Structure formats: structure tokens, C-alpha cells
Chemist: 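Below you will find the structure I want to go over with you.
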Amino acid sequence: MKITSTSCICPVLVCLCFVQRCYGTAHHSSIKVTRNQTKHIEGETEVHHRPKRGWVWNQFFVLEEHMGPDPQYVGKLHSNSDKGDGSVKYILTGEGAGTIFIIDDTTGDIHSTKSLDREQKTHYVLHAQAIDRRTNKPLEPESEFIIKVQDINDNAPKFTDGPYIVTVPEMSDMGTSVLQVTATDADDPTYGNSARVVYSILQGQPYFSVDPKTGVIRTALHNMDREAREHYSVVIQAKDMAGQVGGLSGSTTVNITLTDVNDNPPRFPQKHYQLYVPESAQVGSAVGKIKANDADTGSNADMTYSIINGDGIGIFSISTDKETREGILSLKKPLNYEKKKSYTLTIEGANTHLDFRFSHLGPFKDATMLKIIVGDVDEPPLFSMPSYVMEVYENAKIGTVVGTVLAQDPDSANSLVRYFIDYSAEDDRCFNIDANTGTIRTTKVLDREETPWYNITVAASENDNPGLLSHVTVGIRVLDVNDNPPELAREYDIVVCENSKPGQVIHTISATDKDDFANGPRFNFFLDERLSINPNFTLKDNEAAAAPSPSGFVHARETGECGPATRKRSCPRLA
């Protein structure tokens, strides 16, 4: 390059770029560049304030994945101080200099000796220096330039998050969004179509579709029914080069499950059922089950049962088992085959969680008829009372009638009943019972003061079925008779002063009686006339009716000096 003295342009190191357009044959045109000026191959010169893309003066380009036998030509460095006589030496430093990139220090030609991968490193920053070969002095300042690795379509799109597992409600509107999938392409998105991805569906039509640009998967049919099909496997493909022939592709699987909505009402498999319940069934016990089927799942299949009609509403009740979704029929009142032999119930099963979007598919309930047959059971005899209380006087003669129990066969057969007393081994057997009449009599003379009350158990059985027993408790109260005399509460030794005044109370005595209160107190106290009477003492009844215990007072009649105490028996023992 010839520089005039008036141009005032300093010497510069010019990078002669090697530009490869598209992926065709390389153009090895030699291009000399000055500031703001580009010389085209055709020889025309244009003035530019901003160079076109790919013709920047300080950038080189090298094609990635070069597999040729010779080093790949990158470009040329040239200094305007170079007269072509070999006096200028070109030096290359920076990233990859001397290993990846080599330079002919005389011509300034740069070559790449290795195959490069743009996805590992997109560019290299290097420095160029032109020095005088004789003096080793720089001919101009060091220049920095970039070698960019030019992309080729060597990476297929990849789905990093697959396979996918997603759900969508059944019966969703057509076009409902299910999921957005995204594939990435490691190629250069700013150069060509290598990283331009489009999506398509390989498997899953006609149920689902995918947006080719966004990767959004949507439902493609109306009213997709989970009960008809629940699981779908959808394969999505992502292809680069905008989907053109020759582009690379990757795929992923999207497993889609339709979730349940309440779009199915409960249904009883039969419109009429029959149930047998023995009359011996216990009140409160479960006597049967019934179930309506619901094709939905989870809370959408929850239901509750109720009795809405029938002559057994007051006799039976129904509840819902939350786990099995069955109706549990229970007995509210006792059954009696002899009075009523069958009942009829209308039972309804209804969903508890309704979705009003599907109310047009209802009603979400169903009813069925249940006939209950009461079974006749050979029941044990039934006593006329739940328990008995009887009375008998003590000291009554053996064989005295205490009372009578009565039991009857509740069944229609009305079998004869036999009675017996159910004694345990240690019981004192004081009574027996007439096996045919149920009359209870004494077998011993009873003493109320020894045992005032007896509890016995009477059993009744049918002649036709002796093993079927009923039991009843009989309480026997022993009534009192006045068969015990009063007795002094204890033996008394009384001490009296010899100078006690006449009429002075010197002691109080009391008596007890083993008989009942009606035959006991109150008592009369007196001195036994069969014994000699001491004139110095008298005995007087305590006549106070409210006295807590019957008693009498011993009084002194004579006075004397109070000397040493004299011990005298104040009252003879009463017989």
C-alpha cells in the first residue's frame, strides 16, 4: 500500500480476512484493507462507516469440525511496512497460538491445525505483532484480533427434562393446555437455522396436538373420558433447521394421565334386593350391606346412603362405610317373627361431592328396593318379669311356699316349660322349685338373724329343646318374727360411794335385741322378783321415747359416809 505524505496515516497491521459464506467452497481472495475502506473481489471500492457482517477488519473465521488432511487456512496478517523482501517478521500470541493456530512469520498466513468445536469454545483472542527481522524492533503497536469458530449443524435438539409425567382433567375442553416442552440446540442460534427448532407429534394423535413453535401440548378432542381410557403416551419430536430435510432431531415421551371428575352418577346393580334377618338379631347390630357402584374415583365416588321410604324406617337404620363405600344396615328395634314377618325399604345412594358442570348428566343418585325377611328362631322361654322379689317368714315350716315364677315359650309352637334352680356348688340349698309349675318352697327352717336375704337363679327350658335356656333372678327376703329376747348389752360391775344420796343415779344399763326393730325396742327394765331385793337400790326405766338406746337407771336409797369404794352388783343378769 502506498501512503502519501499528506495522508497522515500511521503504519498499521492489516488482517486479511478469509471469509467462507454459507458452507460451500472457501473464497481465498486476498483483501487489502485500509481505514473505512473495503476492496471487493470485483475491484469496486465503497466507503462504509460500519463494515458488513463477516468483513470486520479485526476478526477471522474458522469452520468448526474441520476434518481435512491439511491445516485449515484462517487468514493473513499484513503490515503496510512489509515491502515483500522478508524483512518483516510476524509473531502470533494469545489463546491457542502455536498449538491450535500457527503463522508463517514471513507471509503472515494463519492456519488452524486442529478440529475445533464451537460448542466448547466460540472464539479465540489473539495478538499480532510485526517486527523488523534485523533489529527485532516493533514496526508498529501490537494489535488484538479475534478468531471466531463458525458454526455448523452438528448438534441435535435435546429435551433435558424428559420423560414427562403430567395430568389433565377428563372431559376438558378441546385445546386445553397440558404441558409445554422445550428442546435446546447447542448450535449457534444467531447463525443460520442450525438452532431453529420446530416441534411435531410422532405419537398421540388424534388425542393431543403440539404447537410447532412453542412446544405447548394441548388436548385435541372433546370429552376425553377417563373411564374409557386413562393413560396416554405421547411422543414429541424437536427438529432443527426449521424442520427442513436434513435437519437433526430429538424426541421425548410425555406420559399423560386423565384425572377424574364427577361425571358418573352412582348406580345400584339391581333394582330389587332381598335380605334375611333372624328375629334373634341384637338391637344395634349390623344385619346386612348394600352397595351402589360409581365409575369415578376418590372423592368423586363418595356417597351416602339413606332410607327414603318403606314400612321399616323405624325398625332399621343405614350408615355409610367411608372405606368400602357400602351401606351398612343396622337394627334399631327388636324383631318378632310372630308379629311381623317382613319389611320393605327404599334405599337411596347419592354422591356427596357434586360438580355442577356435569349436572346435565345426573341426577347423581339412585334408589333400589330392599325386602327384609324376618327369620323365625326357636327362642328360649320368656319370664313374665325381668326379676322377682319374694318374702317368707323365718322359722316357717319346711315346704312353705315362697312364690311362683312364670315363663312361656314365645314361639308359635308354645312348648311346655320346665323350671329348675341354677345352684352353684357352694350355695346353701334352702329352696326348691316345682319343675312344672314354677312354685318355690323352702327346704330348711330359715333364720333371719343369720341370713336376712337370699338371691337365687331360676332357669326355664322348653321340653322340646332343653338346651335353650332362660334365666331370671329371684330375691327372697326373710321376714322377722319376735324369736329373740332382749339381752343386757354387757355384764355390769358398778362402783358406788357409801355416802351417795338417796335417789342419786349411780349407773345406766342398756339392752339389745337381735330381732327387727318392730319386734325389738322398746324394752321394760325391772328387778327380777324371783331374787331377793336389796332395799338400798332401785331400777327405773328411761321412759324417754326418743332415747337413742333403751336403758334403765340404778338409784341409791341410803346415805352414808363416802369411804372406800364398795363394788356391788347393781342389777341381776336378765334371763
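Note that the structure is predicted; figures quoted are calculated from it, not measured.
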Chemist: Does the side chain of Trp453 reach to within under 4.5 Å of the side chain of Val478, using non-hydrogen atoms?
Modeler: no
Chemist: Tell me whether the count of non-hydrogen atoms from other residues, nucleotides or ligands lying under 6.0 Å of CG in Leu202 goes above 12.
Modeler: yes
Chemist: Of Arg118, Gln150, Lys148, which is the lone residue that meets side-chain hydrogen bond (donor to acceptor under 3.5 Å, both in side chains) with Tyr191?
Modeler: Gln150
Chemist: Indicate the atoms forming the closest heavy-atom contact of Ala156 with Ser249, along with that distance.
Modeler: CB-O, 3.7 Å
Chemist: Check whether any side-chain heavy atom of Val474 sits under 4.5 Å from a side-chain heavy atom of Met390, and report yes or no.
Modeler: yes
Chemist: Apply side-chain hydrogen bond (donor to acceptor under 3.5 Å, both in side chains) to residues Ser415 and Asn463 and explain how you reach the verdict.
Modeler: CA-CA 7 Å; Ser415 299; Asn463 283 347; over 6 Å; no
Chemist: Above 12 or not: heavy atoms from other molecules or residues under 6.0 Å from NZ of Lys271?
Modeler: yes
Chemist: Measure the OH-CZ distance between Tyr423 and Phe431 for me, rounded to the nearest 0.5 Å.
Modeler: 7.0 Å
Chemist: Report yes or no: do Thr443 and Asn432 form a side-chain donor-acceptor pair below 3.5 Å?
Modeler: no
Chemist: Kindly give the heavy-atom pair with the smallest separation between Glu65 and Asp154, and that separation in Å.
Modeler: OE2-OD2, 3.1 Å
Chemist: Counting only N and O atoms by type, is there a donor-acceptor contact under 3.5 Å from the side chain of Arg229 to the main-chain atoms of His231?
Modeler: yes
Chemist: Would you name the heavy atoms of Thr182 and Tyr199 that are closest together and state the gap between them?
Modeler: CA-OH, 3.5 Å
Chemist: Passes side chain to side chain contact (heavy atoms under 4.5 Å, CB included), Ile456 versus Ile433? Steps please.
Modeler: CA-CA 11 Å; Ile456 63 173; Ile433 189 169; over 6 Å; no
Chemist: Just do the side-chain hydrogen bond (donor to acceptor under 3.5 Å, both in side chains) check on Thr257 and Thr167 with the steps written out, would you?
Modeler: CA-CA 5 Å; Thr257 299; Thr167 60; over 6 Å; no
Chemist: Look at Glu391 together with Arg477 and state whether they make a salt bridge at an N to O cut-off of under 4.0 Å.
Modeler: yes
Chemist: For the residue pair Thr404 / Thr439, report whether a side-chain donor-acceptor contact shorter than 3.5 Å exists.
Modeler: yes
Chemist: Please indicate whether Lys158 has more than 12 foreign heavy atoms, meaning atoms of other residues, nucleotides or ligands, lying under 6.0 Å from its NZ.
Modeler: no
Chemist: Do Tyr393 and Thr442 come within less than 4.5 Å of each other through their side chains, counting heavy atoms only?
Modeler: no
Chemist: Quick one: does Tyr232's side chain get under 4.5 Å of Asn255's, heavy atoms only?
Modeler: no
Chemist: Please check this pair: side chain of Asn223 against backbone of Ser172, looking for a donor-acceptor N/O pair closer than 3.5 Å.
Modeler: no
Chemist: I'd like to know whether Phe383 forms a side chain to side chain contact (heavy atoms under 4.5 Å, CB included) with Ser470, so could you lay out the CA-CA distance, the side-chain angles of the two residues, the decisive distance to 0.1 Å, and finally the verdict.
Modeler: CA-CA 8 Å; Phe383 282 97; Ser470 292; 3.9 Å; yes
Chemist: Sub-3.5 Å donor-acceptor pair from the side chain of His353 to the main-chain atoms of Ser299, do we have one?
Modeler: yes
Chemist: Can you find a heavy atom in the side chain of Thr473 that is under 4.5 Å from one in the side chain of Tyr388?
Modeler: no
Chemist: Just by distance, do the side chain of Gln180 and the backbone of Ile217 share a donor-acceptor pair under 3.5 Å?
Modeler: no
Chemist: Under the criterion side chain to side chain contact (heavy atoms under 4.5 Å, CB included), I'd like the reasoning laid out for His66 against Lys114: C-alpha separation, chi angles, the key distance, then a yes or no.
Modeler: CA-CA 8 Å; His66 178 71; Lys114 295 182 179 181; over 6 Å; no
Chemist: Go through Arg226 and Thr297 one step at a time and tell me if the side chain to side chain contact (heavy atoms under 4.5 Å, CB included) criterion holds.
Modeler: CA-CA 10 Å; Arg226 183 197 69 85; Thr297 62; 3.5 Å; yes
Chemist: With a 6.0 Å cut-off (strictly less than), is the heavy-atom count around CD of Glu95, excluding the residue itself, greater than 12?
Modeler: yes
Chemist: Does a side-chain heavy-atom distance below 4.5 Å link Thr160 with Thr184?
Modeler: yes
Chemist: Counting heavy atoms not belonging to Lys341, are there more than 12 under 6.0 Å from its NZ?
Modeler: yes
Chemist: Please find the pair of heavy atoms, one from Pro269 and one from Asn293, that lie closest to each other, and give the distance.
Modeler: CG-ND2, 3.4 Å
Chemist: Can you give me the closest heavy-atom contact between Ala459 and His471, atom names plus distance?
Modeler: CB-CD2, 3.7 Å
Chemist: To the nearest 0.5 Å, tell me how far Asp464 CG sits from Asp409 CG.
Modeler: 8.0 Å
Chemist: Between atom CE of Met171 and atom CD of Glu227, what is the distance when rounded to the nearest 0.5 Å?
Modeler: 8.5 Å
Chemist: With rounding to the nearest 0.5 Å, note down the distance linking CG in Leu258 to OG1 in Thr219.
Modeler: 9.5 Å
Chemist: Checking side chain to side chain contact (heavy atoms under 4.5 Å, CB included) between Ile315 and each of Lys332, Lys333, Lys340, which is the one that passes?
Modeler: Lys333
Chemist: Return the CG to CD distance between Asn155 and Glu119, rounded to the nearest 0.5 Å.
Modeler: 4.0 Å
Chemist: Out of Val234, Val178, Thr253, Thr252, which residue meets the side chain to side chain contact (heavy atoms under 4.5 Å, CB included) rule with Tyr164?
Modeler: Thr252
Chemist: Looking only at heavy atoms, which two atoms of Val377 and Glu279 are closest? And how far apart?
Modeler: N-OE2, 2.8 Å
Chemist: Hey, is the main chain of Arg448 close enough, under 3.5 Å, to the side chain of Glu394 for a donor-acceptor pair?
Modeler: yes
Chemist: Measure the CG-CG distance between Leu63 and Asp151 for me, rounded to the nearest 0.5 Å.
Modeler: 9.0 Å
Chemist: Above 12 or not: heavy atoms from other molecules or residues under 6.0 Å from OH of Tyr276?
Modeler: yes
Chemist: Report all side-chain donor-acceptor pairs from residues 206-216 shorter than 3.5 Å, counting only partners two or more places apart or in another chain.
Modeler:
unit_1 : atom_1 : unit_2 : atom_2 : d
Asp211 : OD1    : Lys213 : N      : 2.9
Asp211 : OD1    : Thr214 : N      : 3.1
Asp211 : OD1    : Thr214 : OG1    : 3.4
Thr214 : OG1    : Val216 : N      : 3.3

Chemist: Is there a donor-acceptor pair closer than 3.5 Å between any side-chain N or O of Asp321 and the backbone N or O of Thr324?
Modeler: yes
Chemist: Less than 4.5 Å apart, side chain to side chain, heavy atoms only: is that true for Leu179 and Val254?
Modeler: yes
Chemist: Sequence neighbours left out, what passes side-chain hydrogen bond (donor to acceptor under 3.5 Å, both in side chains) with Asp185? Give chain and number order.
Modeler: none
Chemist: Do the side chain of Asp355 and the main chain of Asn262 share a donor and acceptor less than 3.5 angstrom apart?
Modeler: no
Chemist: Using modelled atom types only, decide if a donor and an acceptor are shared between the side chain of Glu450 and the backbone of Leu446 within a distance under 3.5 Å.
Modeler: no
Chemist: Is it the case that more than 12 heavy atoms not belonging to Arg325 sit under 6.0 Å from its CZ atom?
Modeler: yes
Chemist: Determine whether a donor-acceptor pair (N or O, by modelled atom type, separation under 3.5 Å) exists between the side chain of Asp366 and the backbone of Phe268.
Modeler: yes
Chemist: Pairs under 3.5 angstrom only: tabulate donor-acceptor contacts from the side chains of residues 343-352 to other protein residues two or more places apart or in another chain.
Modeler:
unit_1 : atom_1 : unit_2 : atom_2 : d
Asn351 : ND2    : Asp294 : OD2    : 3.0
Asn351 : ND2    : Asp302 : O      : 3.1

Chemist: Would you find a donor on one side and an acceptor on the other, under 3.5 Å apart, between the side chain of Asp434 and the backbone of Thr437?
Modeler: yes
